[in-house]
Amino acid sequence: QVQLVESGGGLVQAGNSLRLSCAASGGSLSRYTTAWFRQPPGKEREFVAAVIRSASGGKSVYADPVKGRFTISRDNVKNTVYLEMGGLKPEDTAVYYCAAGSPALSATTYLRMYNTWGQGTQVTVSL
């Protein structure tokens, strides 16, 4: 069973950038679709971005609010997935979670399709 550990969160001013990391152990991330979700204060957890497992093409998928600002990538050597966040806005403030699973391509954005989760890392964007 793969295990995930997120890092890289913190406090940043609006307009700046931050990179989150999701390091995996116990299995190769390239075998899974790996996604980032976030949970803003008082709201439900929502999809942010995913990188599809290698066997299904390895493309990236993004939620509309982050398209053009965030980039997800996977380093197969380091067995780590990254989320590069640029142009950060206060509404990006949330706990960010890394998740791994094997959803169908049409279900990539569905939270319940992921069965392995990290502990989360807090991102706070100030004005």
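A quick note: this is a predicted structure, and the numbers were derived from the prediction, not measured. What you see below is based on every heavy atom in this structure, not just the backbone, and it leaves out hydrogens, waters and symmetry mates.
Listed by chain and residue number, Phe37 satisfy the ring pair (Phe, Tyr, Trp, His ring centres under 6.0 Å) test with Phe47 (two or more places apart in sequence, or in another chain). Evaluation of the side-chain contact (heavy atoms from CB on, under 4.5 Å) rule for Gln1 yields Thr116 as partners, not counting sequence neighbours. With sequence neighbours left out, Asp92 forms a side chain to side chain donor-acceptor pair (under 3.5 Å) with Arg38, Arg69. Residues satisfying the side chain to side chain donor-acceptor pair (under 3.5 Å) criterion with Ser56, sequence neighbours excluded, are Arg53. Under the side chain to side chain donor-acceptor pair (under 3.5 Å) criterion, Lys67 pairs with Asp64, not counting sequence neighbours. By the side-chain contact (heavy atoms from CB on, under 4.5 Å) test, Gln119 is found to be paired with Val5, Glu6, residues two or more places apart in sequence or in another chain being considered. By the side-chain contact (heavy atoms from CB on, under 4.5 Å) test, Lys59 is found to be paired with Ile52, Val61, residues two or more places apart in sequence or in another chain being considered. Taking Thr108 as the reference, nothing meets the side chain to side chain donor-acceptor pair (under 3.5 Å) condition, with sequence neighbours excluded.
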With a 3.5 Å cut-off and sequence neighbours excluded, list the donor-acceptor pairs that the side chains of residues 7-19 form with protein atoms.
none

Please set out all donor-acceptor pairs under 3.5 angstrom arising from side-chain atoms of residues 81-89, sequence neighbours excluded.
none

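Evaluation of the disulfide (SG to SG under 2.5 Å) test over residues 75-127, restricted to residues two or more places apart or in two chains, returns Cys22-Cys98. For residues 49-86, no pair satisfies disulfide (SG to SG under 2.5 Å), with sequence neighbours left out.
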